[in-house]
Amino acid sequence: MGLGKKKGSGRKEPLFGLPAALADLRLTVADRIPNADDKPKKSAKSSAKRNNENSSDEPPRERKAPASRSGARRRSKSRIGARLGRLVYWGAVLSLWGVIAVVGVVVWVGAHLPPIQSLEIPQRPPTIQIVGMDGSMLAQRGEMAGANVSLKDLPPYLPKAFIAIEDRRFYSHFGIDPIGILRAAVTNVLHHGVSQGGSTLTQQLAKNLFLTQERTMARKLQEAELAIWLERKHSKNEILELYLNRVYFGSGAYGVEAAAQRYFGKSAKNVTIAEAAMLAGLVKSPSRLAPNRNPEGAEARAQIVLAAMADAKFITDAQAQASIGHPSYNVKPVGAGTINYVADWIGEVLDDLVGQIDQSITVETTIDPKLQSVAEAAIIDELAAKSVKFNVSQGALVAMTPDGAVRAMVGGRNYAESQYNRAVTAKRQPGSSFKPFVYLTALEQGLTPDTVRQDAPIEVKGWKPENYTHEYFGAVTLTQALAMSLNTVAIRLGLEVGPKNVVRTAHRLGISSKLEPNASIALGTSEVSVVELVGAYAPFANGGFAVVPHVVTRIKTLDGKLLYMRPADERNQVIEPRYVAMMNTMMRETLISGTAKKAEIPGWPAAGKTGTSQDYRDAWFIGYTANLVTGVWLGNDDNSPTKKATGGGLPVEVWSRFMKTAHEGVPVAALPNSQAGWGLSNLAQAASQVSPPTAAAPAPASNGGYRPPPTRANARPEAAAGLDGWLMDRLFGGNR
């Protein structure tokens, strides 16, 4: 006990000062600062008392529910306010970014346009008007742009027709019509497609002047920006006038003046209300609604325009009713048909004549519209009648004066189907129509038309050419050989005079194509064009002077400024007159007794040569008078064989039809230096020009070697007499 007590009691040391004062200081639970985890513990007595109170019959006290509901409302309102604030905030942010995006798009669109301050209304693209020798319009290249017409010179209902159907609010918008765009959008939604556009006249003008026709958003934005610029720079009437003079009306016509001339044959200043409505209706779809292509569609659209004009009070209902179905058409196409081959040829040479074209011009040509029509009909009708029988699908014709002025050119049977010019661009084997150059070379080396050569089989390095009929006539004169187109004689002559000399002769007369100097050159195996072959025949018709085939005489601007005038040709003698006379005599025989006996021009001395290439692929006839040189080619573009179409058949028929018409009413003239035109006074001069005859080169034999010329036993007496003997015989008569 005592020990336990002793242990339980500890020794206490006395305290003095501040420690003594604080020794009995203690903190109770009430003195502590409570927190969520440090709540005072309830005593058992307190809990029992609370339980007794709850178990009594008194109802429990209600909690402060009203205070809790008002707090919830405040919290709900607070959340709604926060959401509205966030919505306003993000709306402002998105609006700001939208403005930035719009500005960015405008800047991007503007960056892809020329500087606005440097933009100017562009000039019209140049137009090339091609007229015939009589001044009539033949064809046109580029846009058909009529003269600019002033707004005040037009009948008031003409511009109002465009406003009524295209842009009713033209005088009230600023280049872009938001109301019109909204109306068009609603209409398109209701119709489930694009049935109405929202572009203003100003936007359409901006597109026509500065932009392409592509349908992209970038182009529409550029169009809008340029429309606003146009509205700021020009007055409404200036914009409307520009629009009327630049809009496209189909059929190559730009501007109301060109369209009125094209469709109604009158100036835009004189169109009726019905015609004005039709012009305004074309703008929606000019190619589809052009009256010369779709008159019913054009009239139906014009009625819609008339109704719009009446609705806008631009005309009365009575005027609209009276104008329905009363436009006066004059839609004859200008420059249609084969004349377009000529127009294309002219387009190819213009750059060489006047350089780059930056203004509209008029090209005066040598083409005779009457002869052009006759040539076109001759080719088309012949092919229509006999193309199937002879398996011939195409043809070409070139007619020129002896000085090279082209009067007619047909480059194919149908320009709409094929623009390939077979008269200028295509090169084909001329066949026997090349032989005159061989015979001329022989004459220039001392032979005469009555020189005799053998028509017999021949072989050249394994090549065995034959005559068309597979017949051989033995000893024949050169005149007979050329008229009958004997191949073996032509080859013998070619080898005798030298293929290179034949090539030189052809080039001297005007052939520009490359020619191969081989044995087959005598049969026309090197390809040439129709126009150059006809041009190379011209010296036979003009006395021996070289010509350059040409079609352009003068080029002027629309206001009359002269840009080009064809200079006078230098007279370059490429054939001596005596040889011209001989060749004309020989080639006249072709039409009298040779392969072109069907060719005739009543009363006119004419000459020429037929040609048929290998396997009947090409059929030619080149014939001439002192008035005209004309060449005809018929064949197939794929170079396939015909059914034995020869130069003496279809080409001669086409040539005769054309030449008969071309020479109607023209005074008859003899071929130059022809025998009929020579008299006794010419004998001395002609004889003095003749050099002593040279020994004829040995003719090739059938075995490929050479043998002497024919003896007098099988030759004509005058053959050995050279030019003097030939001239004496022609003038005074002799043995034949």
Side-chain angles (χ1 to χ4, degrees), residues 427-449 451-509 511 513-528 533 536 586 594-595 609-618 620 639 641 646-647 694-711 714-715 719:
K427 292 188 177 183
R428 307 298 290 258
Q429 290 186 351
S432 295
S433 61
F434 189 83
K435 289 177 181 176
F437 308 118
V438 179
Y439 282 79
L440 175 60
T441 307
L443 296 180
E444 292 175 339
Q445 292 195 13
L447 279 64
T448 72
T451 296
V452 173
R453 288 294 181 264
Q454 287 293 319
D455 176 32
I458 183 174
E459 180 178 347
V460 181
K461 297 181 180 180
W463 175 48
K464 299 178 180 180
E466 296 178 330
N467 293 329
Y468 168 69
T469 61
H470 304 292
E471 296 180 281
Y472 300 95
F473 299 92
V476 293
T477 65
L478 298 190
T479 300
Q480 293 171 326
L482 183 59
M484 298 170 66
S485 197
L486 301 178
N487 291 338
T488 63
V489 177
I491 293 171
R492 284 188 167 92
L493 281 180
L495 293 174
E496 183 177 335
V497 300
K500 290 184 178 179
N501 291 326
V502 174
V503 170
R504 292 190 186 99
T505 299
H507 284 161
R508 188 176 80 234
L509 267 63
I511 297 294
S513 297
K514 182 181 179 181
L515 304 175
E516 296 296 336
N518 50 34
S520 66
I521 189 67
L523 302 186
T525 53
S526 292
E527 297 177 339
V528 298
L533 187 57
M586 296 170 71
T595 55
K609 184 69 187 75
T610 59
T612 308
S613 67
Q614 300 177 52
D615 299 323
Y616 303 96
R617 299 176 189 276
D618 306 277
W620 299 75
N639 206 30
T646 64
T694 59
S702 60
N703 60 3
Y706 291 92
R707 64 183 180 184
T711 63
N714 60 6

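Everything quoted here is computed from the prediction, not taken from an experiment.
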Next on the checklist: V489 and side-chain contact (heavy atoms from CB on, under 4.5 Å): which single residue from F473, Y439, Y472 fits?
Outcome noted: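 Among F473, Y439, Y472, the one meeting side-chain contact (heavy atoms from CB on, under 4.5 Å) with V489 is Y439.
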How many angstroms lie between [atom1] in [X] and [atom2] in [Y], if you round to the nearest 0.5 Å?
| X | Y | atom1 | atom2 | result |
| --- | --- | --- | --- | --- |
| L443 | L478 | CG | CG | 7.0 Å |
| H507 | F437 | NE2 | CZ | 10.0 Å |
| L495 | I521 | CG | CD1 | 12.0 Å |
| L486 | N467 | CG | CG | 5.0 Å |
| T612 | Y468 | OG1 | OH | 7.0 Å |
| T646 | D618 | OG1 | CG | 12.5 Å |

Main chain of [Y], side chain of [X]: is a donor-acceptor contact present, judged purely on distance under 3.5 Å?
| X | Y | answer |
| --- | --- | --- |
| T479 | M586 | no |
| T505 | N501 | yes |
| T525 | S520 | yes |

For residues [X] and [Y], report the shortest heavy-atom separation together with the two atoms involved.
| X | Y | answer |
| --- | --- | --- |
| V476 | A481 | CG2-CB, 4.1 Å |
| P457 | R492 | O-NH2, 3.2 Å |
| Q429 | Q614 | OE1-NE2, 3.7 Å |
| L493 | A442 | CD2-CB, 4.1 Å |
| V502 | T441 | CA-OG1, 3.8 Å |
| S526 | P430 | O-CD, 3.0 Å |

Checklist entry - Would E527 and S513 satisfy side-chain contact (heavy atoms from CB on, under 4.5 Å), going step by step from the backbone distance to the final call? => result CA-CA 7 Å; E527 297 177 339; S513 297; over 6 Å; no
Item to check | Test side-chain contact (heavy atoms from CB on, under 4.5 Å) applied to K609 and L482, step by step | outcome: CA-CA 8 Å; K609 184 69 187 75; L482 183 59; 3.7 Å; yes
Item to check | Sequence-distant partners of S432, side-chain hydrogen bond (donor to acceptor under 3.5 Å, both in side chains), two or more places apart | outcome: K435, S485
Side-chain heavy atoms of [X] within contact of [Y], under 4.5 Å:
| X | Y | result |
| --- | --- | --- |
| R508 | L440 | yes |
| W463 | I491 | yes |
| P465 | I458 | yes |

Checklist entry - Would you call E496 and R453 a salt bridge, taking side-chain N to carboxylate O under 4.0 Å as the test? => result yes
Checklist entry - Run the side-chain contact (heavy atoms from CB on, under 4.5 Å) check on L515 and F434 step by step: do they pass? => result CA-CA 11 Å; L515 304 175; F434 189 83; 4.0 Å; yes
Next on the checklist: Take a 6.0 Å sphere around CD of E466 and say whether it holds more than 12 heavy atoms from other residues, nucleotides or ligands.
Outcome noted: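 Enclosed.
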Checklist entry - Who are the side chain to side chain contact (heavy atoms under 4.5 Å, CB included) partners of K500, not counting sequence neighbours? => result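 Partners of K500 under the side chain to side chain contact (heavy atoms under 4.5 Å, CB included) test: R504, P517.
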Item to check | Residues S433, L533; criterion side-chain contact (heavy atoms from CB on, under 4.5 Å); working and verdict | outcome: CA-CA 9 Å; S433 61; L533 187 57; 3.6 Å; yes
